[in-house]
Amino acid sequence: MASAKVAVVTGGNKGIGLAIVKALCKQFKGDVYLTARDPKLGEEAVRALKEQEGLSPHFHQLDINDLQSIRTLGSFLKEKYGGIDVLINNAGVAFKVDDTTPIGTQAEVTLKTNFFATRDVCNELLPLIKPHGRVVNVSSIASYMALGRCSPELQKVFRSDTITEEELVTLMEKFVEDAKKGALQEQGWPDTPYGVSKIGVTVLSRIQARELNEKRKDDGILLNACCPGWVRTDMAGSKAPKTPDEGAETPVYLALLPNNAHSPHGELVSDKKVVPWEESCAVVNW
């Protein structure tokens with residue numbers, strides 16, 4: 001089976017993740033794995049896609065906050081498929097706008113999953129990406145808007161083409177500590193843990209793409225961050241204008257970029273268009 005192609009979607013049992021799995025089952029020539037933290041929910045989602053849509057996804061347990069769970073998935077994919085062709089890092093969390101949980105707690109919980117756990121998945125699974133593989137880190141246009149609310153000093157660092165992963169990790173840790181101290185404004189941060197967590201994902205994607213250029217430049221791997229848009233899900237609420245299927249369009253477009261494509265790479269992509277991260281933030285339509 002090592003020559004068979006495989007696509008993996010994290011957080012795949014509902015919302016945008018489930019819509020991505022559904023679209024890949026229809027368009028990707030290979031096996032598609034829906035992963036979820038809870039095996040019962042994951043297997044129910046797979047069964048529903050088989051019975052209601054006539055599709056054939058596979059299930060594998062994955063809790064992105066559990067390093068051993070990530071490594072178990074990686075070992076399975078390496079043994080069965082010789083690596084990974086498509087990886088979509090979709091799993092994430094968000095507090096509701098009116099949630100009264102203290103901002104320090106929101107910051108810690110949100111960044112733990114959205115940034116640090118996503119980074120763990122990447123660190124474990126990126127070495128398994130096959131030549132011409134595609135990696136999509138689901139970020140958000142909220143990262144772009146939050147960037148514009150950072151101090152000029154932070155904006156300069158986050159837009160830099162030379163920021164390292166270690167420097168980014170230090171800044172994400174500092175945001176959590178500053179939130180706990182009630183010092184976000186004085187330290188130049190916006191008061192949006194979700195937005196800052198997605199700054200982390202977008203900048204991490206830019207760093208990872210740069211490293212792929214340096215270490216695997218002849219392998220034709222493309223890695224991008226994307227914004228699915230404001231989508232009607234449990235996380236974003238019922239007032240959002242996009243359906244999950246519409247939210248899946250840009251992640252799936254990036255996952256299925258043809259073998260001869262050279263771009264986009266290391267970009268933030270929204271509605272299949274590159275968002276200019278280095279430039280000053282303007283109003284961006286969903």
Side-chain angles (χ1 to χ4, degrees), residues 64-65 89 91-123 137-211 225-230 235-237 239-240 266-270 274-286:
I64 70 168
N65 282 302
N89 285 307
V93 299
F95 285 82
K96 303 293 185 190
V97 174
D98 58 357
D99 196 299
T100 56
T101 303
I103 189 85
T105 304
Q106 290 196 31
E108 186 166 38
V109 170
T110 305
L111 270 76
K112 179 175 185 280
T113 294
N114 293 4
F115 176 73
F116 291 104
T118 297
R119 174 175 173 258
D120 285 342
V121 173
C122 290
N123 285 344
N137 294 328
V138 177
S139 182
S140 172
I141 211 68
S143 68
Y144 185 76
M145 307 313 284
L147 180 68
R149 292 170 54 204
C150 289
S151 68
E153 294 79 12
L154 282 172
Q155 287 190 42
K156 184 178 179 185
V157 175
F158 286 134
R159 288 197 174 104
S160 166
D161 283 333
T162 56
I163 183 174
T164 65
E165 188 171 327
E166 292 73 23
E167 288 167 341
L168 176 61
V169 166
T170 299
L171 283 167
M172 293 293 107
E173 289 171 342
K174 184 176 187 300
F175 173 78
V176 173
E177 291 307 311
D178 288 342
K180 287 178 177 177
K181 292 177 193 167
L184 291 180
Q185 188 172 356
E186 69 182 70
Q187 294 299 320
W189 296 105
D191 59 348
T192 164
Y194 181 78
V196 172
S197 77
K198 294 303 190 177
I199 288 176
V201 172
T202 300
V203 175
L204 181 66
S205 303
R206 287 163 55 85
I207 293 167
Q208 289 167 340
R210 218 170 61 217
E211 289 179 347
C226 76
C227 173
W230 189 17
M235 200 162 91
K239 295 180 181 176
E267 304 285 4
L268 174 62
V269 180
S270 178
V274 171
V275 177
W277 188 256
E278 292 89 353
E279 297 175 13
S280 296
C281 295
V283 174
V284 176
N285 295 321
W286 288 102

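- Note that CD1 of Ile163 is 5.5 Å distant from CG of Leu171, once rounded to the nearest 0.5 Å.
- To the nearest 0.5 Å, the span separating SG on Cys226 from CG on Asn89 amounts to 10.5 Å.
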Note to self: Using the rule given for side chain to side chain contact (heavy atoms under 4.5 Å, CB included), can you reason through Phe115 versus Val169, listing the C-alpha separation, both sets of side-chain angles and the distance that settles it, and then say yes or no?
What the structure shows: CA-CA 9 Å; Phe115 176 73; Val169 166; 4.1 Å; yes

>> Is there a side chain to side chain contact (heavy atoms under 4.5 Å, CB included) between Thr192 and Met145? Walk through the geometry before answering.
In response: CA-CA 10 Å; Thr192 164; Met145 307 313 284; over 6 Å; no

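- Taking the side chain as every heavy atom from C-beta outward, Pro190 and Cys150 approach each other to under 4.5 Å.
- A distance of 12.5 Å separates OG1 in Thr101 from NZ in Lys96, rounded to the nearest 0.5 Å.
- Of all heavy-atom pairs between Ala179 and Ala107, the closest is CB-CB, 3.6 Å.
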For Glu267 and Val275, what are the C-alpha separation, side-chain angles and deciding distance, and is it a side chain to side chain contact (heavy atoms under 4.5 Å, CB included)?
CA-CA 7 Å; Glu267 304 285 4; Val275 177; over 6 Å; no

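- Although no hydrogens or angles enter the test, the distance criterion places no donor-acceptor pair under 3.5 Å between the side chain of Ser160 and the main chain of Lys156.
- When side chains are defined from C-beta on, Lys198 does not count as touching Ile141, because their heavy atoms never get closer than 4.5 Å.
- Side chain of Thr110 to backbone of Tyr194: no donor-acceptor contact under 3.5 angstrom is found.
- Rounding to the nearest 0.5 Å gives a distance of 9.0 Å between CG of Leu184 and NZ of Lys174.
- Residues Gly266 and Ala209 come closest through the heavy atom pair CA-CB, 3.3 Å.
- Panel note: side chain Arg206, backbone Arg159; a donor-acceptor pair is recorded below 3.5 Å.
- The shortest non-hydrogen separation linking Ser143 to Leu268 is OG-CD2, 3.8 Å.
- Looking at Asn114, its side chain does come within 3.5 Å of a backbone N or O of Val93 through a donor-acceptor pair.
- Trp277 and Tyr144 have tilted rings, their planes meeting at an angle from 30° to 60° on a 0 to 90° scale.
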message: Checking Gln185 against Asp191 for the side chain to side chain contact (heavy atoms under 4.5 Å, CB included) test, could you report, in this order, the C-alpha distance in whole Å, the side-chain angles of both residues, the deciding distance, and whether it holds?
response: CA-CA 7 Å; Gln185 188 172 356; Asp191 59 348; over 6 Å; no

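- For the atom pair CG (Leu168) and CZ (Arg119), the distance works out to 8.5 Å, reported to the nearest 0.5 Å.
- Summarising the geometry, atom CZ belonging to Phe116 is positioned 12.0 Å from atom CG belonging to Asn123; distances are rounded to the nearest 0.5 Å.
- Counting heavy atoms from C-beta outward, Phe175 and Ser197 have side chains that stay 4.5 Å or more apart.
- Without hydrogens or angle criteria, Glu186 side chain to Ala183 main chain gives no donor-acceptor distance under 3.5 Å.
- Heavy atoms only, all atoms of each residue included: Ala117 and Ile64 are closest at CB-O, 3.2 Å.
- Minimum interatomic distance between Leu154 and Gly188 (heavy atoms only, all atoms of both residues): CD1-O, 3.3 Å.
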